[in-house]
Amino acid sequence: MAPPVRYCVPGERLCNLEEASPGTGTYTRHGYIFSSLAGCMTKSSENGALPVVSVMRETESQLLPDVGAIVTCKVSSINSRFAKVHILYVGSTPLKNSFRGTIRKEDVRATEKDKVEIYKSFRPGDIVLAKVISLGDAQSNYLLTTAENELGVVVAHSESGVQMVPISWCEMQCPKTHTKEFRKVARVQPEFLQT
């Protein structure tokens with residue numbers, strides 16, 4: 001029968017240094033081994049040597065957006081200078097927790113940057129493909145760009161709530177009301193299209 005799992009918190013005294021040697025997730029002080037992580041304590045021994053005491057976290061590490069990564073995000077708010085987004089996917093991997101990002105006016109497209117108007121590029125609720133260009137500032141916002149043909153709005157809904165269809169690189173049309181709305185439309189690559 002397997003030994004019962006022992007959970008521990010940072011700073012908890014695990015055992016005497018004479019009983020075991022410290023492993024990952026632990027530290028020693030005054031002749032004792034203490035946990036430096038919240039997690040499960042494990043003891044492993046090899047060739048009759050002192051067992052090694054380690055503390056392992058239960059959760060696997062969180063995937064983080066990195067510079068150059070393509071991310072899928074949802075626009076939460078816009079103003080004249082930038083669009084605020086929530087990053088939902090890194091590549092094709094969904095994130096457990098969404099991260100905040102910002103697409104600045106000058107990062108919307110590669111040409112005619114001075115003529116970009118955020119409200120003609122994005123609207124709240126749009127799903128956008130973007131690339132991480134910097135890990136951002138003290139507010140922990142990632143800076144994103146859509147300045148490539150393959151990046152931009154991939155899913156948008158019209159005011160009547162219907163998913164719009166792209167008709168050019170800067171316009172989408174509602175199939176129900178036939179009204180056109182401006183967007184910075186992504187040229188979706190064939191490998192991302194669902195068949």
Side-chain angles (χ1 to χ4, degrees), residues 24-25 37-40 54-113 115-158 161-175 181-195:
T24 58
L37 299 173
C40 296
S54 306
V55 176
M56 306 297 269
R57 291 179 188 224
E58 279 197 343
T59 56
E60 65 275 5
S61 62
Q62 169 76 46
L63 179 67
L64 295 173
D66 199 9
V67 174
I70 301 296
V71 296
T72 305
C73 41
K74 185 174 187 175
V75 178
S76 57
S77 66
I78 60 172
N79 66 29
S80 61
R81 293 177 294 120
F82 54 80
K84 292 260 186 208
V85 299
H86 292 292
I87 300 171
L88 307 173
Y89 285 77
V90 175
S92 59
T93 307
L95 297 173
K96 287 194 176 85
N97 306 313
S98 69
F99 293 96
R100 291 183 311 212
T102 302
I103 304 172
R104 299 177 303 184
K105 180 179 170 179
E106 57 267 27
D107 296 324
V108 171
R109 63 178 189 236
T111 58
E112 299 179 327
K113 292 181 180 191
K115 295 181 182 174
V116 171
E117 295 178 64
I118 288 288
Y119 72 92
K120 286 187 173 180
S121 302
F122 310 109
R123 298 277 171 90
D126 287 357
I127 303 297
V128 176
L129 273 181
K131 182 185 276 187
V132 179
I133 53 173
S134 139
L135 300 184
D137 51 17
Q139 286 88 26
S140 72
N141 279 358
Y142 286 88
L143 289 179
L144 310 173
T145 181
T146 56
E148 292 178 20
N149 291 341
E150 294 76 27
L151 305 176
V153 177
V154 289
V155 177
H157 290 86
S158 66
V162 178
Q163 186 171 324
M164 293 195 290
V165 178
I167 55 174
S168 75
W169 67 272
C170 64
E171 280 186 314
M172 292 182 118
Q173 186 174 27
C174 173
E181 292 183 22
F182 289 105
R183 293 291 198 283
K184 195 295 184 184
V185 179
R187 186 175 69 205
V188 180
Q189 296 304 294
E191 62 264 25
F192 296 116
L193 293 174
Q194 293 179 343
T195 52

Asks: So, taking the atom named CG in Leu143 and the one named CG in Leu135, what distance separates them when rounded to the nearest 0.5 Å?
Replies: 9.0 Å
Asks: Check whether Ser168 reaches the backbone of Cys170 with its side chain - one donor and one acceptor, N or O, closer than 3.5 Å.
Replies: yes
Asks: Would you tabulate the side-chain donor-acceptor contacts of residues 80-92 under 3.5 Å, counting partners in other chains and residues two or more places apart, or write 'none'?
Replies:
none

Asks: Of the non-hydrogen atoms in Glu150 and Leu129, which two are nearest, and what is the gap between them?
Replies: O-CD1, 4.0 Å
Asks: Going by salt bridge (charged side-chain N to carboxylate O under 4.0 Å, His left out), name the pairs with one or both residues in residues 120-135, residues two or more places apart or in two chains.
Replies: Glu117-Lys120, Arg123-Glu181, Asp126-Arg183, Lys131-Glu148
Asks: For the residue pair Ser121 and Val153, what are the closest heavy atoms and their distance?
Replies: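 The answer is O-CG2, 3.5 Å.
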Asks: In Å and rounded to the nearest 0.5 Å, what is the CD1 to NZ distance from Ile78 to Lys105?
Replies: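 Answer for the CD1-NZ pair, Ile78 versus Lys105, is 12.5 Å.
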Asks: Under the side-chain hydrogen bond (donor to acceptor under 3.5 Å, both in side chains) test, which residues partner Ser158, sequence neighbours left out?
Replies: Ser160
Asks: Out of curiosity, Cys73 SG to Tyr142 OH, how far, rounded to the nearest 0.5 Å?
Replies: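 Going from SG on Cys73 over to OH on Tyr142, the span is 12.5 Å.
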Asks: Drop me the distance from Ile103's CD1 to Ile118's CD1, to the nearest 0.5 angstrom.
Replies: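 Ile103 atom CD1 to Ile118 atom CD1 measures 7.5 Å (nearest 0.5 Å).
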Asks: Does Leu151 offer a backbone N or O that forms a donor-acceptor pair with the side chain of Lys184 under 3.5 Å?
Replies: yes
Asks: Is the shortest heavy-atom distance from the side chain of Glu106 to the side chain of Val116 under 4.5 Å?
Replies: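 No, every pair of side-chain atoms sits at 4.5 Å or beyond.
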Asks: Which pair of heavy atoms, one from Thr146 and one from Ala130, lies closest together, and at what distance?
Replies: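 Closest heavy-atom pair between Thr146 and Ala130: CG2-CB, 4.0 Å.
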Asks: Looking only at heavy atoms, what is the nearest atom pair of Leu144 and Gly101, with distance?
Replies: CD1-CA, 4.3 Å
Asks: How long is the span from the CG atom in Leu37 to the OG1 atom in Thr24, to the nearest 0.5 Å?
Replies: 7.5 Å
Asks: Tell me, with the steps shown, if Thr72 and Ile127 meet side-chain contact (heavy atoms from CB on, under 4.5 Å).
Replies: CA-CA 7 Å; Thr72 305; Ile127 303 297; 3.7 Å; yes
